[in-house]
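Note that this is a predicted model, so its numbers are computed, not measured.
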Amino acid sequence: MRQELTDLRKAMKNRGIDACIIPTTDFHGSEYVNDYFKFRRYVSGFTGSAGTLLVTEGGAYLWTDGRYFIQAAKELAGSGVTLMRMNEPGVPTIEEFLKENMAEGQTLAFDGRVVSDTLGAGYEKIMADKGGRIVYDTDLADEVWKERPALKGAAIYTLPLSVTGKTFEEKLSEIRQILSEKNADYYLITKLEETAWLFNMRGNDVENTPVFFSFTLVAPDGVNLYVFKDAIADAPVSDGVQVKDYFKIYEDVKEIPAGKSLLTNCNDASYALIKSLDPGVSVIDEKSPAEILKAVKNHTEIESTLHAHLEDGAAMVNFMYWLKTKALNEGPQTEITASDYLEGCRKARKGFKDLSFTTISGYGPNAALCHYSAKAGSESEIKPEGFLLVDSGGQYEDGTTDITRTFVMGPITDKMKKYFTLVLRSHIDLAMAEFKPDTDGVALDTLCRKPLKAEGLDFNHGTGHGVGHLLSVHEGPNSISSRGTTVIEPGMITSDEPGVYIEGEFGIRHENEILCVKKPDGMLAFETITYCPFDRDGIDVSMLTEEELEWLNSYHKTVYDKIGPMVDGEVRSWLKEATAEM
């Protein structure tokens, strides 16, 4: 039993709280969060980026998705927390669990600033039906977490038009047009990526994601930007924008007059913010206009990110050359030394600013954990056999990258080669897809999984996620998954990353970023914008169709043509062989 869990229960008892919900997010519904918001990790010990903790007097339960089942089971062992495997048969949702287990008249608590209005309203109804109550204006983390990191804003900076392609004024004009069509008087932006995109500004308040703590309120007569004022001192704002203190948003939404309408996405906006509104304010709960506009990259953004992918491709090729030809001859290598070497390759490239997420470097059975994170002292040594899976990316001054490669480090079994090739077939089939303009991510997800499902295989995560432009490596609304109901449009950049994970044996994933483009005949297709070879040592060419092999050879030729001139002679010679026609 973790002491942190015991301390939380004491605080709950002192306040008459029977159950407490702790999500993994911040005041903005973010996936990746500042250390100040990692209370769920503090209490449970689970380090994954997704999960919700529910603590009662007699139990504690952690809901997380399929990416983290293996990792969570290991990290929660002996903690006093029960793993709830989301979407698995017989596993209730949090709402179902509350309905079944909360007694009449009990009290449920959560910090209303970090729970969306949609979820909070659902919790409120569940408790009302039981004659109970909710407490949403108390942050128990302040009482329990004695050494909680401070919440403050880092310096904000402005991006040039050569990277953004549109000015703040142009973006605001597009947004106001949408608001007019929706008959919305006000517009509340809560997502950090959306405010950063609108103002063409970036920051450093979340590790590996260049965003800054902020809210935006678009009013009929102006725009309010809520930030830590010290952070924005050196970043000029446009005329008509009033800069206010970060926490002032909670007061200002109360001042929106009754009879007016407010557009916001209640899946993102917090329960506390929406509850602050005058009951006479009409809430238009729809997808955020900024999210939709941001997802469809303009010409400048596309050209900019293509350049970033060239630099990243050169870094990856240098890493792959070292890993395949030199690494194990230079002495023992581990998952961490490999990850560090790759980071060094990226740091050597022009325009590199940061990683886009913590590198996943998993050898052997560790690669079966989709979001495995090697820990110093317990990392695995890389042997001259089997697979090393590396999922990584960079933040460059002109774009964001995300790539996964599975490397063959020595002899592999026939089973491993077969599965490696099946995952590659799934990847290629999505990359080659041509589809009608009204196609959503669900249909594309089904297409991608076909080669694997034909062999009785599948993977427990989405096939692809949206990628931001010098923003978050995971961004909506576009995704390719069983829940990807957004239509995929030209200009959207999404990942293509099927996998196979055999617990206790190995994991395989192949990932590129793909740009949706419109063909002359009106159909849509994908252009692959990630440039790094797939490891030929894992490919059984006889399993590929003629079309798949043609795609692979064409892709490898493109990699050599684009990256060859960017690496030195020794690496270039190796790359020519690594991309030779099969």
S.K.: So, Glu104 and Lys130, do they make that salt bridge, N to O below 4.0 Å?
M.R.: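 Answer for the salt bridge query: no.
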S.K.: Give a yes or no on whether the backbone of Tyr226 and the side-chain of Lys229 come within a donor-acceptor separation of less than 3.5 Å.
M.R.: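 Here the side-chain-to-backbone pair does not exist.
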S.K.: Under 4.5 Å between any side-chain heavy atoms of Thr264 and Asp285, yes or no?
M.R.: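 Contact flag for Thr264/Asp285 side chains = no.
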S.K.: Any cation-pi pair here, Arg41 with Phe46, using under 6.0 Å and within 45°?
M.R.: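 Output no; distance or angle outside limits.
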S.K.: If you draw a 6.0 Å radius around CD in Glu181, do more than 12 non-hydrogen atoms from other residues or ligands fall strictly inside?
M.R.: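 Yes - once you tally the heavy atoms of other residues, nucleotides and ligands closer than 6.0 Å, there are more than 12.
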S.K.: With no hydrogens and no angle check, is any side-chain donor or acceptor of Ser214 less than 3.5 Å from a backbone partner on Phe212?
M.R.: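 Yes: the side chain of Ser214 pairs with the backbone of Phe212.
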S.K.: Should we count NZ of Lys248 as having more than 12 external heavy atoms under 6.0 Å?
M.R.: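 More than 12 heavy atoms, drawn from other residues, nucleotides or ligands, come within 6.0 Å of this atom.
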S.K.: Go through the side-chain N and O atoms of Asp402 and Ser495 and say whether any donor and acceptor fall under 3.5 Å apart.
M.R.: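 Short answer, no.
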S.K.: Tell me, do Ile508 and Leu389 make a side-chain contact under 4.5 Å, heavy atoms counted?
M.R.: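 The answer is no; the side chains never approach within 4.5 Å.
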S.K.: Taking it one step at a time, do Asp35 and Arg148 satisfy salt bridge (Lys or Arg N to Asp or Glu O under 4.0 Å)?
M.R.: CA-CA 8 Å; Asp35 287 347; Arg148 187 179 196 179; over 6 Å; no
S.K.: Do the side-chain N and O atoms of Glu75 and Thr47 include a donor-acceptor pair separated by under 3.5 angstrom?
M.R.: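 Yes - a donor-acceptor pair under 3.5 Å links their side chains.
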S.K.: Give me the one residue out of Lys294, Glu194, Glu291, Met492 that meets side-chain contact (heavy atoms from CB on, under 4.5 Å) with Glu475.
M.R.: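 Of Lys294, Glu194, Glu291, Met492, side-chain contact (heavy atoms from CB on, under 4.5 Å) with Glu475 is met by Lys294 alone.
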S.K.: Checking the side chain of Thr216 only, and the main-chain atoms of Ile189 only, is there a donor and an acceptor separated by less than 3.5 Å?
M.R.: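 No; zero donor-acceptor contacts below 3.5 Å.
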S.K.: Could you tell me whether Glu286 and Lys182 make a salt bridge, using a distance below 4.0 angstrom between a side-chain N and a carboxylate O?
M.R.: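 Between Lys182 and Glu286 there is a salt bridge, with a charged N closer than 4.0 Å to a carboxylate O.
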S.K.: Enumerate, atom names and distances included, each donor-acceptor pair closer than 3.5 Å involving a side-chain atom of residues 276-283, sequence neighbours excluded.
M.R.:
from: Ser276; atom 1: OG; to: Ala272; atom 2: O; distance (Å): 2.8
from: Asp278; atom 1: OD1; to: Gly280; atom 2: N; distance (Å): 2.6

S.K.: What orientation do His510 and His427 show, parallel under 30°, tilted 30 to 60°, or perpendicular over 60°?
M.R.: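 Geometry flag for His427 against His510: perpendicular rings.
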S.K.: If you count heavy atoms of other groups shown closer than 6.0 angstrom to CD of Glu57, is the number above 12?
M.R.: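 Counting neighbours around CD of Glu57, 12 or fewer heavy atoms of other residues, nucleotides or ligands fall under 6.0 Å, so no.
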S.K.: Could you check whether any side-chain N or O of Gln242 sits under 3.5 Å from a backbone N or O of Gly240, counting only pairs where one atom can act as donor and the other as acceptor?
M.R.: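 Between the backbone of Gly240 and the side chain of Gln242 there is no qualifying donor-acceptor contact (under 3.5 Å).
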S.K.: Does either side chain, that of Ser361 or that of Tyr372, offer a donor lying less than 3.5 Å from an acceptor on the other one?
M.R.: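 There is no such pair (donor and acceptor under 3.5 Å, judged by atom type) between the side chains of Ser361 and Tyr372.
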S.K.: For a quick check under 3.5 Å, do Asn478 and Thr486 share a side-chain donor-acceptor pair by atom type?
M.R.: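 Side-chain D/A pair, Asn478 to Thr486: absent.
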S.K.: Honestly, is Arg449 close enough over Phe459, meaning NZ or CZ under 6.0 Å from the six-membered ring centre and within 45° of the axis?
M.R.: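 Verdict for Phe459: a cation-pi partner in Arg449.
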S.K.: Could you walk me through whether Lys244 and Asp252 satisfy the side chain to side chain contact (heavy atoms under 4.5 Å, CB included) test, starting with their C-alpha distance in whole Å, then the side-chain angles of each, then the deciding distance to 0.1 Å, before giving a yes or no?
M.R.: CA-CA 10 Å; Lys244 294 192 172 187; Asp252 283 4; 2.8 Å; yes
S.K.: Does the ring pair (Phe, Tyr, Trp, His ring centres under 6.0 Å) test come out yes or no for Phe27 and Phe37, once each step is laid out?
M.R.: CA-CA 9 Å; Phe27 300 152; Phe37 295 99; 4.8 Å; yes
S.K.: A side-chain contact here means heavy atoms from C-beta on lying under 4.5 Å apart; do Pro220 and Tyr186 qualify?
M.R.: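 Result yes, sub-4.5 Å side-chain heavy-atom pair found.
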S.K.: Relative to each other, are the rings of His474 and Phe357 parallel, tilted or perpendicular (30° and 60° limits)?
M.R.: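 Correct class here is parallel.
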S.K.: If you measure only the distance, is there a donor-acceptor pair under 3.5 Å linking the side chains of Ser482 and Asp445?
M.R.: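 Checked: Ser482/Asp445 side chains show no N/O donor-acceptor pair below 3.5 Å.
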S.K.: Give the intermediate values and the outcome of side chain to side chain donor-acceptor pair (under 3.5 Å) for residues Thr56 and Tyr61.
M.R.: CA-CA 9 Å; Thr56 67; Tyr61 312 87; 4.8 Å; no
S.K.: Compare all side-chain heavy atoms of Tyr250 with those of Phe215 and state whether any distance is below 4.5 angstrom.
M.R.: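 The answer is yes; the side chains approach within 4.5 Å.
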S.K.: Measure the shortest side-chain to side-chain distance between Val206 and Leu192 over non-hydrogen atoms and say whether it is less than 4.5 angstrom.
M.R.: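 Side-chain contact under 4.5 Å: yes.
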S.K.: Below 4.0 angstrom, N of the basic side chain to O of the carboxylate: do Lys436 and Asp438 qualify?
M.R.: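 Answer for the salt bridge query: no.
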S.K.: Salt bridge or not between Arg509 and Asp391? Use side-chain N to carboxylate O under 4.0 Å.
M.R.: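 Salt bridge flag = yes for Asp391 with Arg509.
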S.K.: Verify whether one side chain among Ser30 and Glu193 offers a donor that lies under 3.5 Å from an acceptor in the other.
M.R.: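 Judged by distance alone, the side chains do not pair up.
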S.K.: Answer whether the closest heavy-atom distance between the side chains of Ile70 and Glu503 falls below 4.5 Å.
M.R.: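 With C-beta onward as the side chain, the pair touches.
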S.K.: Check whether His371 reaches the backbone of Ala50 with its side chain - one donor and one acceptor, N or O, closer than 3.5 Å.
M.R.: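 Flag not set: sc His371 to bb Ala50 has no pair under 3.5 Å.
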S.K.: Take Arg176 and Val223 through the side chain to side chain contact (heavy atoms under 4.5 Å, CB included) test and state the conclusion after the steps.
M.R.: CA-CA 11 Å; Arg176 287 201 182 278; Val223 178; 3.9 Å; yes
S.K.: Just by modelled atom types, is the Gly80 backbone N or O under 3.5 Å from a matching donor or acceptor in the Arg2 side chain?
M.R.: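 Checking the backbone N and O of Gly80 against the side chain of Arg2, no donor-acceptor pair under 3.5 Å is found.
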S.K.: Find out whether Leu369 and Arg67 are in side-chain contact, i.e. whether some heavy atom of one side chain is under 4.5 Å from a heavy atom of the other.
M.R.: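 No - every pair of side-chain heavy atoms lies 4.5 Å or more apart.
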S.K.: Taking the side chain as every heavy atom from C-beta outward, state whether Cys370 and Tyr501 have any pair of such atoms under 4.5 Å apart.
M.R.: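 The answer is yes, as the side chains (C-beta and beyond) meet within the 4.5 Å cut-off.
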S.K.: Hey, does the side chain of Ser270 reach the backbone of Leu273 with a donor-acceptor pair shorter than 3.5 angstrom?
M.R.: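 Indeed, once roles are kept as given, a pair shorter than 3.5 Å links the two residues.
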S.K.: Charged N to carboxylate O under 4.0 angstrom, Glu124 versus Arg133?
M.R.: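 Salt bridge absent between Glu124 and Arg133.
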S.K.: With a 4.0 Å cut-off, would you call Asp129 and Lys99 a salt bridge?
M.R.: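 A salt bridge is absent here (no side-chain N lies under 4.0 Å from a carboxylate O).
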S.K.: Between Ser356 and Asn208, is any side-chain donor less than 3.5 angstrom from a side-chain acceptor?
M.R.: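 Short answer, no.
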S.K.: Can you tell me if Ser378 uses its side chain to pair, donor with acceptor, with the backbone of Ala374 under 3.5 Å?
M.R.: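 Answer holds: no.
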